[in-house]
Peer 1: 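Here it is, the structure in full.
The sequence lines fix the lettering, A, B, ..., with proteins before strands; numbering per chain opens at 1.
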Protein chains: 2
Amino acid sequence: MQSIIETFRQIGELSKKNEEALLRAIKRREYPPRTILQKQDKISDKIYFVEKGSARTYYYKEGKDITYWIALENDFVGSMSSFFMREPSNKIVETIESCILWDFEYEKLEALFSSNREMEKTGRLYANYAISLLEKRFDHLHFNSAKDRYEILINRQPEIIQRVPLGMIASYLGITQETLSRIRTQV
Amino acid sequence: MQSIIETFRQIGELSKKNEEALLRAIKRREYPPRTILQKQDKISDKIYFVEKGSARTYYYKEGKDITYWIALENDFVGSMSSFFMREPSNKIVETIESCILWDFEYEKLEALFSSNREMEKTGRLYANYAISLLEKRFDHLHFNSAKDRYEILINRQPEIIQRVPLGMIASYLGITQETLSRIRTQV
DNA sequence: TCTAGTTTTTGACATATATCAAAGGAAGTT
DNA sequence: AACTTCCTTTGATATATGTCAAAAACTAGA
């Protein structure tokens, strides 16, 4: 079974027929590490589901590279605001490790949603689920210390430390690399 | 024209018939200031659209009142994670000023989405829009100074300062009331 | 195995923001 | 007008985290 289908099954129900239509609409591809998937200031035409590997979205603020999102297996990555709102992306998307990704093209995805009531509903439910994830992430950042945020992260995704450079994790958590390094040794 | 219909029109298109069905599904009610709309640890059965007044969601962390969301006119407020994911709410919802709100009940809203393809789509588009708002809010908190966050806020919603107590605004911005007070005098 | 490049750690110091405590101001009620 | 209560400001000090610079530890090619 494709892991992407498993993931969708957890959110909404799809008939066999719709699962097949979904798989026909998306493409499974391999990407080397550090491949740019989305440039800044362009409207995003694709979002990606990570089957294997890791990827991130990031931007530059005062010359510094700030990671907004890190996706490991079975998570989506992409410039979501740009993709859904059809506005230029303020973020860059790139692979971190070597990846197997499922590419979702905007036009194909919208066509799929439009073709079919059940797909449309799954899309809505998935968006609601994403809202709840973002709300939780915001809560973590909102009034927790750097150390607490780090501990929340390693409890959920302990392997992230081995797989993703420290600087990316630090800015993802909203702190500098030096601070994260210090926190890490004292834990 | 109802402001709520105007707002929906900006996101998705609704037929006259669907606009009427929507208005039949929701209730317009007045609430006094500081009315609790949602208790903590209960699954949320309603979200609210603010026609007039202001409302917020908040929670307690180490005894301190932390505001997560502040809604003025033409915005939604509610415990969204709880409402959509059907899990106990970690937040409390209350009016700040005296309000006119449109109540959206979970069962009625789902029934409306299910009854009708166009409504379902509007629901999906609205959720996508909410994702993009949350992403922007996260970006503001992520690597901006307290002062920058304050300035971003007053540029967008200058009237919030007159209408909402400083302590609520401070925790909404992720800072203490004392710090916000100092920032405010030096601007 | 050596070298060059990248990533992580460490050190000294600077700064933003928090904390605790108290004083001032508003606003509403009797 | 005086009294409460709530909200905001101010002051003194503490603390977490950032900044800049350099050293150390990895990594991967040649």
Peer 1: For the residue pair Arg124(B) and Tyr126(A), would you count it as a cation-pi contact if the rule is NZ or CZ under 6.0 angstrom from the ring centre and within 45 degrees of the ring axis?
Peer 2: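 Judged by the rule, Arg124(B) and Tyr126(A) form no cation-pi pair.
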
Peer 1: Roughly, in whole Å, what's the span from CG in Asp65(A) to P in dT7(C)?
Peer 2: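 Atom-to-atom, Asp65(A) to dT7(C), this comes out as 10 Å.
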
Peer 1: Rounded off to whole Å, could you give me the CD-to-C1' distance for the Gln186(A) and dT17(D) pair?
Peer 2: 12 Å

Peer 1: Between atom CD in Gln162(B) and atom P in dA26(C), what is the gap in whole Å?
Peer 2: 14 Å

Peer 1: Choosing from dT17(D), dT17(C), dT8(C), which nucleotide comes nearest the side chain of Ser145(A)?
Peer 2: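 Nearest listed nucleotide: dT17(D).
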
Peer 1: Could you tell me the separation between the CD atom of Gln177(B) and the P atom of dA21(C), rounded to a whole number of Å?
Peer 2: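 After rounding, the reported distance stands at 16 Å.
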
Peer 1: Just compare dT8(C), dG18(D), dT19(D) and give me whichever is closest to any side-chain atom of Pro165(A).
Peer 2: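 The nucleotide sitting nearest to the side chain is dT8(C).
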
Peer 1: Between dG18(D) and Lys64(A), is there an OP1 or OP2 to side-chain N/O distance shorter than 4.0 Å?
Peer 2: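 No, no such contact exists.
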
Peer 1: Using a 6.0 Å distance limit plus a 45 degree cone around the ring axis, check whether Lys61(A) lies over the aromatic ring of Phe143(B).
Peer 2: no

Peer 1: Side chain of Arg34(A) only, please: which of dT8(D), dT10(D), dT7(C) is the nearest?
Peer 2: dT7(C)

Peer 1: Salt bridge between Lys16(A) and Glu118(A), side-chain N to carboxylate O under 4.0 Å?
Peer 2: no

Peer 1: To the side chain of Thr176(B), which of dT19(C), dT17(D), dT10(D) is closest?
Peer 2: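 From the listed options, dT19(C) comes nearest.
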
Peer 1: Compare the minimum distances between each of dT8(C), dA12(C), dT9(D) and the side chain of Arg184(A), then state the nucleotide with the smallest one.
Peer 2: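 Taking heavy atoms from C-beta onward, the closest nucleotide is dT8(C).
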
Peer 1: Relative to Tyr150(B), does Arg182(B) satisfy both conditions: NZ or CZ under 6.0 angstrom from the six-membered ring centre, and within 45 degrees of the ring's axis?
Peer 2: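 Checked: cation-pi criterion not met.
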
Peer 1: Take atom CD1 of Ile66(A) and atom C1' of dG18(D), then tell me their distance rounded to the nearest Å.
Peer 2: 12 Å

Peer 1: How long is the line joining CG of Asn144(A) and C1' of dT17(C), in whole Å?
Peer 2: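 Going from Asn144(A) (CG) to dT17(C) (C1'), I get 16 Å.
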
Peer 1: Hey, do the aromatic rings of Tyr48(B) and Phe104(B) have their centres closer than 6.0 Å?
Peer 2: no

Peer 1: In whole Å, I'd like the distance from the CZ atom of Arg182(B) to the P atom of dT19(C).
Peer 2: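 Value for this atom pair: 12 Å.
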
Peer 1: Starting from C1' on dT19(D), measure out to CZ on Phe143(B) and report it in whole angstrom.
Peer 2: 13 Å

Peer 1: Of Leu180(B) and Thr179(A), whose closest DNA chain C nucleotide lies nearer the 5' terminus?
Peer 2: Thr179(A)

Peer 1: Of the nucleotides dT8(C), dT17(C), dT10(C), which one has an atom closest to the side chain of Glu178(A)?
Peer 2: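 For Glu178(A), the side-chain atoms sit closest to dT10(C).
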
